[in-house]
Enquirer: 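Have a look at this one.
Count residues from 1 along the sequence. Counting starts at 1 for both ligands and their atoms, in listed order.
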Amino acid sequence: MELLDGKGLANQLKAELAEKVKALLAAGGRAPHLAAVLVGDNPASLSYVRNKVRSCEQSGFRSTLIQKDASVTEAELIEIIKGLNNDPEIDGFIVQLPLPRHINADNITLAIDPKKDVDGFHPVNFGRMAQGLSAYLPATPFGIMKMLERYNISTSGKHCVVLGRSNIVGTPISILMSRRGEPGNATVTLCHSRTKNLEEYTQKADILIVALGIPNFIKPEMIKEGVVIIDVGINRVEDASRKRGYRLVGDVDFENVASRCSYITPVPGGVGPMTVAALLLNTMESYQGKIYSGAS
Ligand code: NAD
């Protein structure tokens, strides 16, 4: 079994970006600039956004954090987004999800200029991705693809089973894995809450991507020997032995499953850091005007 060290790989990608930024500055240019909008005080969101800001610093990017109280209205938030859309100094920005219930997240996503949508959530980017046109890929699936690529894990002709059909992870990764290319060219099965006899699918997977949000869901008897497992889940479980009273676990029962895999991502330290690195890669692509140059 080999551990897919997302943390180490993300650090490497960030160091590569930092080198590029140094060269840009040396040539008299400016640094890429990522902004993040955070609404409310959800502790997990706070920690994700802090991570993103810290990663910008590591890569030599500029970052701007806009924090708003949970009482902010949808109209006010859309005004902030319009400002970011029109600010030539900002290459890309994200609005951290989830948002308070009185704000319609779809309206917020639709208000973001697709050219600055470095989270890759806007339907324009999603559609371009699905058609194989250049697009900002959603950060988590992009991070997973980068990880498979850098670890030289062959996916062509493999059976990839994806658990979970969210718009930000399960559905887009199922599209990317089935698309022509490497990584890609896999035969994909997408499972979700209405799938019957789930184990029949998980047991046949050569590559299993799990994005459910259910702690320790995947047990050893559900997989075949030698499978590659990408565990996207981030779950807080109570742990009185930790100072903060909880620890993070994935959707896979890592302790009992890992020895049966050829490769597996840990939680934490797997997909999470790769998601942040992917966000920075998208911001650099925006800075370079790569995605929306020319007709496609
Ligand atoms: P979600 O919470 O929106 O949806 C969960 C999905 O799981 C749904 O599509 C549902 O159909 C499916 N599901 C639920 N119960 C099931 C069952 N018993 N059998 C089969 N399918 C079932 O999904 P999400 O937003 O993709 O988040 C999933 C997990 O990934 C969460 O733990 C989240 O915190 C984590 N996440 C991690 C990152 C990262 O960077 N590592 C990024 C995004 C999400």
Enquirer: What protein heavy atom sits nearest atom 24 (P) of ligand 1, and how far off is it?
Expert: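 Closest protein heavy atom to atom 24 (P) of ligand 1: S166 OG, 3.6 Å.
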Enquirer: Roughly how far apart are D117 CG and F93 CZ, rounded to 0.5 Å?
Expert: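 Atom-to-atom, D117:CG and F93:CZ are 8.0 Å apart.
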Enquirer: State whether Y292 and K115 meet the cation-pi test: NZ (Lys) or CZ (Arg) under 6.0 Å from the six-membered ring centroid, and within 45° of the perpendicular axis.
Expert: yes
Enquirer: Run the salt-bridge test on D5 and R150 with the 4.0 Å N-O cut-off and return the result as yes or no.
Expert: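 R150 and D5: not salt-bridged.
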Enquirer: Quiz question for you: does at least one protein heavy atom lie closer than 4.0 Å to atom 36 (N) of ligand 1?
Expert: yes
Enquirer: Show which atoms of ligand 1 fall inside a sub-4.0 Å distance from at least one heavy-atom site of G213.
Expert: 28 (C), 29 (C), 31 (C), 32 (O)
Enquirer: For ligand 1, is there an atom lying under 4.0 Å from some heavy atom of T195?
Expert: no
Enquirer: If you count the atoms of ligand 1 from 1 in the order shown, which ones are under 4.0 Å from a heavy atom of G272?
Expert: 40 (O), 41 (N)
Enquirer: At what distance is the nearest protein heavy atom to atom 15 (N) of ligand 1, and which residue and atom is it?
Expert: I214 CD1, 3.6 Å
Enquirer: Looking only at heavy atoms, is any part of L163 under 4.0 Å from ligand 1, and if so is it the side chain, the backbone, or both, or is it neither?
Expert: neither
Enquirer: For atom 7 (O) of ligand 1, which protein heavy atom lies nearest, and how many Å away is it?
Expert: L212 CD2, 3.5 Å
Enquirer: So which heavy atom on L34 is nearest to which on C56, and how close?
Expert: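 So the two residues come closest at CD2-SG, 3.7 Å.
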Enquirer: Among side-chain atoms of N235 and D251, is any donor-acceptor pair under 3.5 angstrom?
Expert: yes
Enquirer: Would you name the heavy atoms of M145 and G184 that are closest together and state the gap between them?
Expert: CE-N, 4.5 Å
Enquirer: Test of understanding: given a 4.0 Å heavy-atom threshold, classify the contact between I234 and ligand 1 as side chain, backbone, both, or neither.
Expert: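 Both backbone and side chain of I234 come within 4.0 Å of ligand 1.
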Enquirer: What is the nearest protein non-hydrogen atom to atom 27 (O) of ligand 1, stated with its residue, atom name and distance?
Expert: A211 O, 4.5 Å
Enquirer: If we ignore hydrogens and angles and just use 3.5 Å, is the side chain of K158 paired with the main-chain N or O of S154 as donor and acceptor?
Expert: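 Yes: the side chain of K158 pairs with the backbone of S154.
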Enquirer: For atom 42 (C) of ligand 1, what is the closest protein heavy atom, and at what distance to 0.1 Å?
Expert: T140 OG1, 3.2 Å
Enquirer: Side chains of Q58 and K14: donor-acceptor distance under 3.5 Å anywhere?
Expert: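 Note: Q58 and K14 side chains meet the donor-acceptor criterion.
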Enquirer: Closest non-hydrogen protein atom to atom 40 (O) of ligand 1, residue and atom name please, with distance?
Expert: T275 OG1, 2.8 Å
Enquirer: Among all protein non-hydrogen atoms, which one is nearest to atom 8 (C) of ligand 1, and what is the separation to 0.1 Å?
Expert: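 Scanning the protein heavy atoms, the shortest distance from atom 8 (C) of ligand 1 goes to R165 N, 4.0 Å.
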Enquirer: For N235, which part has a heavy atom under 4.0 Å from ligand 1: side chain, backbone, both, or neither?
Expert: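 The part of N235 near ligand 1 is the side chain, not the backbone.
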Enquirer: What atoms of ligand 1 come within less than 4.0 Å of a heavy atom belonging to G164?
Expert: 6 (C), 7 (O), 9 (O), 12 (C)
Enquirer: Please find the pair of heavy atoms, one from P88 and one from R30, that lie closest to each other, and give the distance.
Expert: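 Residues P88 and R30, closest heavy atoms: O-NH2, 3.8 Å.
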Enquirer: Would you call the rings of Y263 and Y151 parallel, tilted or perpendicular, where under 30° means parallel and over 60° means perpendicular?
Expert: perpendicular
Enquirer: Hey, looking at atom 11 (O) of ligand 1, which of P268, G250, P98, S193 has the closest heavy atom?
Expert: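 Looking at heavy atoms only, the winner is S193.
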Enquirer: Can you tell me which residue and heavy atom of the protein come closest to atom 21 (N) of ligand 1, and the distance to 0.1 Å?
Expert: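 It is H192 C, 3.1 Å.
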Enquirer: May I ask you to test the K290-S134 pair for a side-chain heavy-atom distance under 4.5 Å?
Expert: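 Side-chain contact under 4.5 Å: no.
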